[in-house]
Amino acid sequence: MEIPKQYDPKQAEQHHYERWEKQGCFAPEINRDENAPPFCIVIPPPNVTGSLHMGHALQHTMMDVITRYKRMCGYRTLWLPGMDHAGISTQLMVTRELKKEGVSRYDLGREKFIERVWKWKKESGGQITKQMRREGVSVDWSREKFTMDEDLSNAVREVFVRLYEEGKIYRGNRIVNWCPNDQTVLSDLEVEKIPQAGKLYYLRYPAKNGGGSVTVATTRPETMLGDTAVAVNPADERYRELLGQTLLLPLTDREIRVVADEFVDPEFGTGAVKVTPAHDPNDYDMGVRHNLEQVVVIDSHAKMTEAAGAEFVGLDRYKARTKVVEKFEELGLLEKVVDYEFSISKCERCKTVIEPLISTQWFLRMDELRDDALKLLAERKLPQFVPEVPYEKVYSNWLENLRDWTISRQLWWGHQIPAWYTPDGEVFVARTEEEAKAKAGTDDLTQDSDVLDTWFSSQLWPFSTMGWPEKTKDLDTFYPTSVLMTGRDIIFLWVSRMVMMGLKFVGSEPFADVFVTGTILDAQGQRMSKTKMNGIDPLEVFEKYGVDATRLKLASVGSTDIRWSDKQVESYRNFANKIWNAARFCMMNSGSAAVDPKSLTSSPELALHDRWILSRLNKTARDVREALASYGFHEAVQTLYHFFWDDFCDWYIELTKTDVSAEADSPQRSAARTRLLSVLEQALRLLHPFMPYLTEELWLRLPGIGSQLLHPAYQSAEPTIMLAWYPEASAALIDETVEWEMQAVIDLISRVRNIRSEMNIKPGEPISLLVGAPDEKLRTVFSANENQIRRLARASEISVSERLEAPKASARAVLVGGAEVAIPLAGLIDFGQERQRLNKEKEKLAAEATKLEAQLANPQFAERAPAEKVNEVRERIADIAQRSAQLDQTIANLE
RNA sequence: AGGCGCGUAGCUCAGGGGUAGAGCACUACCUUGACACGGUAGGGGUCUGGGGUUCAAAUCCCCACGCGCCUACCA
């Protein structure tokens, strides 16, 4: 038999994926059952510029586990892959490439630039799709989509036009987040607030009449050049007289009013606020309320405009700040400067400080869409978040406070806005240029040069990828999808928007469940990030420990944040090797036996350990299915790990060795071999969604595998474990009595081993066992399993009787049900040591008894606790009393 | 400023009103015919602290401390 002693993950990872893909195992069409229920996941499309990181590996593992599981359960399964065109990232990447050639995108022009991006995409984009194949993800590559594909772009235009026609999309002149570096507007979600140490400047503005003045506090003195008012709280007594008065704005010849506004907090600063409607979102709102002029003093490159005055025009905003402060000081109008920590808005991508600017952009009105999403959650509890706490609240709170969304971007790479202008500025929104021309009645049109926010197309992903707005078969079959699995960072950016769009355009929710994964942190508990360089490359982990071991680790992460540790992957690598060697044993001892699921039915003639492993196997299938039904990945992994290692390897293989490796051929021997192989085969199926490569590698080697093991929906497919029927628990095979009996045997063996170890009896030293069991049933169990006990406890002989009669020079232990075991140790026993060992045991019992007795002594306990609990405590006390008595006896006998 | 989560063995983490768990690490023994990436047996925890509810709290509630995360228009 030529099976290596160590599992080689790389070898197994080499060929199966290609075979699966070629044979169409990933496509839903492999399922020939017309009535098969659908199961569908759409992948959160990674950026075309991206490469695989731990977050992907984590999410992909969980999606793959569920997908493979559902497929094995006979669902018509689709996991749809694809990529996002990632507007800004991609444009920056290509721009950088061009820069190396000494060319700017403007030199190239829009059309050539976009051609260049496509060329880049074709040649070096989408690295991630190759890396994903290594992960073993069972996505249907034949349906792979890209947000800039022709059909997805159609969907984008369709949605845009319909929303425009309904008045939800509008063009407006508003204050927006502007990135002076990327030269584009950004949505609120693409801006991050970073706390920063700064200064608060107190500036004095003289009043026009009389010698008075007002002091305002600001973090941005340079914006004072654009001030058009000072605001105070109407309830603020201090400024009552000032209301309606006129101030002389220093450094300018402008006169500004003092207005009253509730927004102003009298407690902060001086209680008077300078108002710069053109350069601050709050001031903008105040400006609207008080009909204030908007004086633009900073331009799109964050330089001062002409309106800032001759002295300042052309200055960078920070240079202007210094200069403004200097001037105020010269004029004696700078009251003070204090240290002040505040949050500053930065561009999420390039970290440039955002400049709030007034600009004409396209917006999407969110109120109705938002209300529908909230209604869906309130009335039908969709989507169902897992874990529900805290994500359901996070999601609904955000929706409740939602503002209109700035959807235009001043980029070239993306979906160009389907709006055309006549020379005199009239706008026509249409699906195509032809349609626009027809509407406008002229050919002289110019298309809006902006593109849409990348998320505008991603929000359509669950249905645009399935052919919407056409009524396709996929859409009919797979929408709404089953579950969305993602990290918590895009609940707002993506999840909520998909819900709103799904409701709006398909009329139903895009997915039933949203499973939110945890975050993998580095060993110090910090988030992995490119800038910190603390990321762990999943491909390196695959290389070192194998894909399956890594997947098992990732699957067990679930939804909590976790610090990365190679150690855990290593232990799953060991587990993989354990599985390999268990299978190796089964196959080396299989002879002419073959896998046969029919051998997995119980009958009273079967030995205890056989009935036991069937019970354990079925319980495992039940528990794993239950765990996966509620996305309990961690629990599923633990259940499988312990079933395979503890139950199957440590006990069952050991217990069945005599049967399986008997010298002489017999019906019993071949039945035992068939059973062993079949239990293994079932275990491999249970493990397959988590460890696809290892299980396939082994499964294909098992004797007797074939199409007959596949789920009926896949009967015509080539044999592969990924299409085998996922084991289903049979309640009839779960037998608590059998498990209890087996546990008694296991306990006996463990107690004997414990004595051996504590008494320093060499493993080779022959011992004999005397077992006393007043309970007849227990005696039967022990007697029936004499051979097993002898072998596993390494005893040369064993005798079971009603009452224990053993020589004084024996080591003893008390077992369940009043049973006892004694090991005669004439000449070997150290009485002192044995007494010590027994006393230690007695102390343990005594401590437990004290606790229980105190509980029982409490009259309230007997009165109020359920009778069942009270009885349980009584029984335990009785059991402990019996054991203690036996121990006392044993200790006394030692003398 | 609000909201949320976390604090359990040396480490990384499960669990969660009724006997405190796993893996790794540690100790001792074992090259036993599947596997030393292994086997057997052990040691190790006032479940952050303090109150409360309850017959019973690691678990539920409140407070404190520590650590994270998210949201926010306080100049």
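Remember, predicted model here, so these are calculated numbers, not experimental data. Each chain gets a letter, A, B and so on, in the order the sequences are listed, and its residues count up from 1.
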Query - Separation of atom CG in Asp489(A) from atom P in U71(B), rounded to whole Å - result: 10 Å
Report summary line: note: Gln638(A), atom CD; C24(B), atom P; distance rounded to Å ~ 11 Å
Report summary line: Annotated structure of RNA chain B as dot-bracket, pair cut-off 3.5 Å, Watson-Crick or G-U only, | for inter-strand, is (((((((..((((....[..)))).(((((.......))))).....(((((..]....))))))))))))....
Requested in this report: Identify whether the distance between the nearest side-chain nitrogen and carboxylate oxygen of Asp747(A) and Arg751(A) falls below 4.0 Å.
Outcome: no
Report task. Taking only the side-chain heavy atoms of Ile562(A) (C-beta and beyond), determine which of C13(B), C30(B), A34(B) contains the nearest atom. Result -> C13(B)
Report summary line: Ordered by number, residues from residues 277-288 of chain A within less than 4.0 Å of RNA chain B (heavy atoms) are Asn282(A)
**Report entry** hbond_proxy Arg573(A) side chain to C37(B) base (donor-acceptor, 3.5 Å cutoff)
**Finding:** yes
**Report entry** Lys/Arg-Asp/Glu bridge criterion (N-O < 4.0 Å) met for Arg204(A), Glu335(A)
**Finding:** yes
Report task. Quick one: list whatever passes salt bridge (Lys or Arg N to Asp or Glu O under 4.0 Å) with Lys762(A), sequence neighbours left out. Result -> none
Requested in this report: Have a look at Arg403(A) and say if it touches a base, only the backbone sugar-phosphate, or nothing, with a 4.0 Å heavy-atom cut-off.
Outcome: sugar-phosphate
Report task. Pick base, sugar-phosphate or nothing for Glu267(A), based on heavy-atom distances below 4.0 Å to the nucleic acid. Result -> nothing
Query - Value in whole Å for how far the C1' atom of G39(B) lies from CH2 of Trp651(A) - result: 12 Å
Query - RNA chain B: 5'-proximal contact among Trp564(A) and Asn589(A) (nearest heavy atom) - result: Trp564(A)
Query raised in the report: Which part of the nucleic acid does Tyr572(A) contact within heavy-atom distance under 4.0 Å: base, sugar-phosphate only, or nothing?
Result: nothing
Query raised in the report: Can Lys10(A) and Asp8(A) be counted as an ion pair, charged N to O under 4.0 angstrom?
Result: no
Query - Phosphate contact (G38(B) OP1 or OP2) by Asn574(A) side-chain N/O below 4.0 Å - result: yes
Query raised in the report: Under 6.0 Å between ring centres, would you say that holds for Tyr545(A) and Tyr572(A)?
Result: no
Query raised in the report: Which part of the nucleic acid does Lys567(A) contact within heavy-atom distance under 4.0 Å: base, sugar-phosphate only, or nothing?
Result: sugar-phosphate
**Report entry** Presence of salt bridge, Asp404(A) and Arg174(A), under 4.0 angstrom
**Finding:** yes
Query - Asp261(A) with Arg289(A): basic N within carboxylate O range, under 4.0 Å - result: yes
Report task. Determine the Euclidean distance between corresponding C1' atoms of U48(B) and G68(B); express it in Å to zero decimal places. Result -> 16 Å
**Report entry** Proximal nucleotide (of G5(B), A14(B), G38(B)) relative to the Thr560(A) side chain
**Finding:** A14(B)
Query raised in the report: So what does Val557(A) hit on the nucleic acid, given a heavy-atom distance under 4.0 Å: a base, only sugar-phosphate, or nothing?
Result: nothing
Query - Among C35(B), A75(B), C73(B), the nucleotide that comes nearest once only the side chain of Lys193(A) is considered - result: C73(B)
Requested in this report: Could you state the atom-to-atom distance from CZ of Phe385(A) to P of G5(B) in whole Å?
Outcome: 16 Å
**Report entry** Separation of atom CG in Leu852(A) from atom P in G18(B), rounded to whole Å
**Finding:** 15 Å
Report task. Describe the nucleic acid contact of Arg876(A) in one word from base, sugar-phosphate, nothing, applying a heavy-atom distance below 4.0 Å. Result -> base
Query raised in the report: Does OP1 or OP2 of C70(B) have a side-chain N or O of Arg527(A) closer than 4.0 Å?
Result: yes
Query raised in the report: Within this structure, what is the NE2-to-P distance between His642(A) and G21(B), rounded to whole angstrom?
Result: 13 Å
Query raised in the report: G66(B) and G10(B): how far apart are their P atoms, nearest whole angstrom?
Result: 23 Å
Query raised in the report: Glu654(A) near the nucleic acid: base, sugar-phosphate alone, or nothing, with a heavy-atom cut-off under 4.0 Å?
Result: base
Requested in this report: Assign Cys586(A) to base, sugar-phosphate, or nothing according to its heavy-atom contacts below 4.0 angstrom with the strands shown.
Outcome: nothing
Query raised in the report: Closest nucleotide of RNA chain B for Arg488(A) versus for Pro763(A): which of these residues is on the 5' side?
Result: Pro763(A)
Query raised in the report: Under 4.0 Å between a side-chain N or O of Lys851(A) and OP1 or OP2 of A20(B)?
Result: yes
Report task. For Glu863(A), answer base if it contacts any base atom (sugar-phosphate contacts may also be present), sugar-phosphate if it contacts only those atoms, and nothing otherwise; contact means non-hydrogen atoms under 4.0 Å. Result -> nothing
Query raised in the report: With a non-hydrogen cut-off below 4.0 angstrom, is Phe492(A) in contact with a base, only sugar-phosphate, or nothing?
Result: sugar-phosphate
Query - Arg794(A) side-chain N/O to C30(B) phosphate OP1/OP2 under 4.0 Å - result: no
Query - N or O in side chain of Ser750(A) less than 4.0 angstrom from A41(B) OP1/OP2 - result: yes
**Report entry** Candidate nucleotides G39(B), G18(B), G23(B), ranked by approach to the side chain of Glu872(A) - the nearest
**Finding:** G18(B)
Query - N or O in side chain of Tyr340(A) less than 4.0 angstrom from A75(B) OP1/OP2 - result: yes
Query raised in the report: So what does Gln855(A) hit on the nucleic acid, given a heavy-atom distance under 4.0 Å: a base, only sugar-phosphate, or nothing?
Result: base
Query raised in the report: Should the pair Lys840(A)-Glu843(A) be classified as a salt bridge under the 4.0 Å nitrogen-to-oxygen rule?
Result: no
**Report entry** Salt bridge Glu355(A)-Arg220(A), side-chain N to carboxylate O under 4.0 Å
**Finding:** yes
Requested in this report: Write down the distance between CZ (Arg883(A)) and P (U19(B)), rounded to a whole number of angstrom.
Outcome: 16 Å
Requested in this report: To the nearest Å, give me how far apart CG (Asp747(A)) and P (U19(B)) are.
Outcome: 18 Å
Query raised in the report: When the C1' atoms of A72(B) and G51(B) are considered, how many whole Å apart are they?
Result: 33 Å
Report task. Please work out if Ser565(A) contacts a base, only the sugar-phosphate, or nothing of the nucleic acid, heavy-atom cut-off 4.0 Å. Result -> nothing
**Report entry** Options C29(B), G23(B), U40(B), nucleotide nearest the side-chain atoms of Asp650(A)
**Finding:** U40(B)
Query raised in the report: Can you check whether Asp522(A) reaches Arg563(A) side chain to side chain, under 4.5 Å on heavy atoms?
Result: no
Query raised in the report: When all nucleic acid strands are considered with a 4.0 Å heavy-atom cut-off, which category describes Lys553(A): base, sugar-phosphate, or nothing?
Result: nothing
Query raised in the report: Can you find a side chain N or O atom of Asn754(A) that sits less than 4.0 Å from OP1 or OP2 on G42(B)?
Result: yes
Query raised in the report: What nucleotide, of G18(B), U40(B), A34(B), holds the atom closest to the side chain of Ala865(A)?
Result: G18(B)
Query raised in the report: When we call it a touch if two heavy atoms are under 4.0 Å apart, what does Asp265(A) touch: a base, just sugar-phosphate, or nothing?
Result: base
**Report entry** Under 4.0 angstrom between Arg563(A) side-chain N/O and U12(B) OP1 or OP2
**Finding:** yes
Query raised in the report: Is Arg876(A) paired with Glu848(A) through a side-chain N to carboxylate O contact shorter than 4.0 Å?
Result: yes
Requested in this report: Measure from NZ or CZ of Lys578(A) to the centre of the six-membered ring of Phe648(A) and say whether it is under 6.0 Å with the direction within 45° of the ring axis.
Outcome: no
Report summary line: Of G43(B), A34(B), A14(B), the nucleotide closest to the side chain of Ile653(A) is A34(B)
Report summary line: Between Lys553(A) and Ile562(A), the two heavy atoms sitting closest are NZ-CD1, 3.7 Å
Query raised in the report: Could a donor-acceptor pair under 3.5 angstrom be found where the side chain of Gln568(A) meets the base of C24(B)?
Result: no
Report task. Examine the base of C35(B) for any acceptor or donor lying under 3.5 Å from a partner atom in the side chain of Lys5(A), and report the outcome as yes or no. Result -> no
Query raised in the report: Do NZ/NE/NH1/NH2 and the carboxylate oxygens of Glu400(A) and Lys393(A) come within less than 4.0 Å?
Result: no
